[in-house]
Visitor: 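Dumping the structure here so I can ask a few things about it.
The model shown is predicted, which means the values in this text are computed figures rather than measured ones. We're numbering straight along the sequence, starting at 1.
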Amino acid sequence: MNIGQLVKYDLTRIFRSPLGYLGFLISILPGLGIILSVKTLDGPFTAEVVMVMFFVFGGLVMLMFAIRTIVRDMQYGTIQLFLNSRTNRIKYLYAKLISAIGIVVIFTILGTLLTLLSTSIIGAGNLSASDFLKMFGEFILIMLFYVTLLNILNLLTGKSAIVYTATILCIIFLPTIFDAFIFIPEIGEDLAKMMQYNPLDFLPKILNQGLLSMKASQIWISIACIAIFTAINHFIIRNKNI
């Protein structure tokens, strides 16, 4: 099995599907709305806000694209064509991870172009060149964390509906549940402080709130989790009978 060909197939499939273009439109529409509001209604916004809006909406679409990429072969049964040997199984796993990174690159380019366009129309505000690198870095961490985590569920269950449901729970509902810990008598405040080091809590908040900043501890915790989840994926797929 050729890893490059599989990655190429995953990425080009996005551009061959109407859903791909719908996803791109959803990603840029809020930013375009900001630009339009400034030009027509003199809204108090700058390109920095446009980038944040893309980070939120584009990040969610990007994640759903990646999840669709990892569950598609299991959903349609075509995964059997790739996993006919242990070597191919490992190649397949890392091809999917490379595809996820490729999707991040595509969305980072899209977000960068949209933001640069907005700077020429409504002004840059406090935007700096480092913000583009922050967007790319956070996209990478968020993407690989959830792809490696949810692919474990995909390999264990083989049910795409379960994976999509888990994605929604992780991104939308879990942070709300963790926030409610503070109301637990006696131990609530301690639990709330612990959640600052829980990637299932801080990564969705970074994505949903468009925060282009992460603490060093959060970065290293995310990297450690990605490494652990990748190792678990490696073990499962290497020994799994499809």
Visitor: Is any side-chain heavy atom of I152 closer than 4.5 Å to a side-chain heavy atom of T148?
Guide: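 The answer is no; the side chains never approach within 4.5 Å.
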Visitor: Using the rule that Ile, Leu, Val, Met, Phe, Trp and Tyr join whenever any side-chain heavy atoms are under 4.5 Å apart, tell me whether L133 and L116 fall into a single cluster.
Guide: no
Visitor: Evaluate the criterion side chain to side chain contact (heavy atoms under 4.5 Å, CB included) for residue pair N154 and L150; output intermediate values, then yes/no.
Guide: CA-CA 6 Å; N154 178 48; L150 294 169; over 6 Å; no
Visitor: What distance separates R13 CZ from L11 CG, expressed to the nearest 0.5 Å?
Guide: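 Answer rounded to 0.5 Å: 12.0 Å.
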Visitor: Measure the CG-CG distance between L200 and L149 for me, rounded to the nearest 0.5 Å.
Guide: 6.5 Å
Visitor: Enter the distance from I70:CD1 to K96:NZ here, rounded to the nearest 0.5 Å.
Guide: 8.5 Å
Visitor: Please lay out, stage by stage, how I101 and L97 fare under the test side chain to side chain contact (heavy atoms under 4.5 Å, CB included).
Guide: CA-CA 6 Å; I101 295 173; L97 295 182; 5.6 Å; no
Visitor: Quick check: F178 with F202 (ring centres under 6.0 Å apart)?
Guide: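 Judged by ring-centre distance (under 6.0 Å), F202 and F178 do not meet the cut-off.
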Visitor: Should F65 and Y9 be regarded as members of a common hydrophobic cluster, given that ILVMFWY residues are connected when their side-chain heavy atoms come within less than 4.5 Å of each other, either directly or indirectly?
Guide: no
Visitor: Please examine the side chains of L93 and N151, heavy atoms only from C-beta on, and report whether any two atoms are closer than 4.5 Å.
Guide: yes
Visitor: Can you tell me how far CD1 of I35 sits from OG1 of T115, rounded to the nearest 0.5 angstrom?
Guide: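 Atom-to-atom, T115:OG1 and I35:CD1 are 8.5 Å apart.
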Visitor: Please name the pair of heavy atoms, one in L212 and one in M135, separated by the smallest distance, quoted to 0.1 Å.
Guide: CD2-CA, 4.0 Å
Visitor: Establish, from distance only, whether the side-chain atoms of R16 and T12 form a donor-acceptor pair under 3.5 Å.
Guide: yes
Visitor: Identify the heavy atoms of I172 and T176 that sit nearest to each other, and give their distance.
Guide: O-OG1, 3.4 Å
Visitor: What distance do F107 atom CZ and L60 atom CG have between them, rounded to the nearest 0.5 Å?
Guide: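 Here the interatomic distance stands at 10.5 Å.
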Visitor: Any heavy-atom pair between the side chains of L36 and L32 that's under 4.5 Å?
Guide: no
Visitor: What is the minimum heavy-atom distance between I171 and N208, and which atoms define it?
Guide: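 Between these two residues, the closest heavy atoms are O-ND2, 3.0 Å.
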Visitor: Within this structure, what is the CE-OG1 distance for the pair M64 and T167, rounded to the nearest 0.5 Å?
Guide: 5.5 Å
Visitor: Which atoms form the tightest heavy-atom contact between A66 and I103, and what is the distance?
Guide: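 For A66 versus I103, the nearest heavy atoms are CA-CD1, 3.8 Å.
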Visitor: Applying the 4.5 Å side-chain criterion to the ILVMFWY set and letting contacts propagate, would L203 and I228 be lumped into a single cluster?
Guide: yes
Visitor: Please tabulate, one pair per line, all N/O donor-acceptor pairs under 3.5 Å involving side-chain atoms of residues 214-223, not counting sequence neighbours.
Guide:
from	atom 1	to	atom 2	distance (Å)
Q218	OE1	K215	N	3.1
S222	OG	Q218	O	2.8

Visitor: Test: ring pair (Phe, Tyr, Trp, His ring centres under 6.0 Å). Region: residues 134-155. Which pairs qualify, not counting sequence neighbours?
Guide: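 Residue pairs with at least one partner in residues 134-155: F55-F139, F145-F229.
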Visitor: Within the 4.5 Å heavy-atom criterion, are V71 and I67 side-chain neighbours or not?
Guide: yes
Visitor: Does K205 have more than 12 heavy atoms from other residues, nucleotides or ligands lying within 6.0 Å of its NZ?
Guide: yes
Visitor: Are the side chain of S17 and the backbone of I14 linked by a donor-acceptor contact shorter than 3.5 Å?
Guide: no
Visitor: State yes or no: do V38 and L29 share one hydrophobic cluster built from I, L, V, M, F, W and Y residues joined by side-chain heavy-atom distances below 4.5 Å, directly or via other members?
Guide: no
Visitor: Which residues satisfy the ring pair (Phe, Tyr, Trp, His ring centres under 6.0 Å) test with F57, sequence neighbours excluded?
Guide: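 For F57, no residue satisfies ring pair (Phe, Tyr, Trp, His ring centres under 6.0 Å) once neighbours in sequence are set aside.
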Visitor: Any side-chain heavy atom of D201 within less than 4.5 Å of one from L174?
Guide: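 They are not in contact (no side-chain heavy atoms under 4.5 Å apart), so the answer is no.
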Visitor: Step by step, would you call Y94 with I90 a side chain to side chain contact (heavy atoms under 4.5 Å, CB included)?
Guide: CA-CA 6 Å; Y94 291 102; I90 302 304; 3.4 Å; yes
Visitor: I'd like to know if I109 and F15 are part of one continuous hydrophobic network [Ile/Leu/Val/Met/Phe/Trp/Tyr, side-chain heavy atoms within less than 4.5 Å].
Guide: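 Yes, because F15 and I109 connect within a single hydrophobic cluster, where side-chain heavy atoms sit under 4.5 Å apart.
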Visitor: For residues A100 and M143, report the shortest heavy-atom separation together with the two atoms involved.
Guide: O-CE, 3.7 Å
Visitor: Would you mind checking if R68 and D10 are paired as a salt bridge, meaning a charged N to carboxylate O distance below 4.0 Å?
Guide: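 Looking at R68 together with D10, the answer is no, because their closest N to O distance does not fall below 4.0 Å.
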Visitor: Do F54 and S27 have side chains that approach each other closer than 4.5 Å (heavy atoms only, starting at C-beta)?
Guide: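 A side-chain contact exists here, since the closest heavy-atom pair is under 4.5 Å.
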Visitor: Could you report the tightest heavy-atom contact between Q209 and V56, atom names first, then the distance?
Guide: C-CG2, 4.1 Å
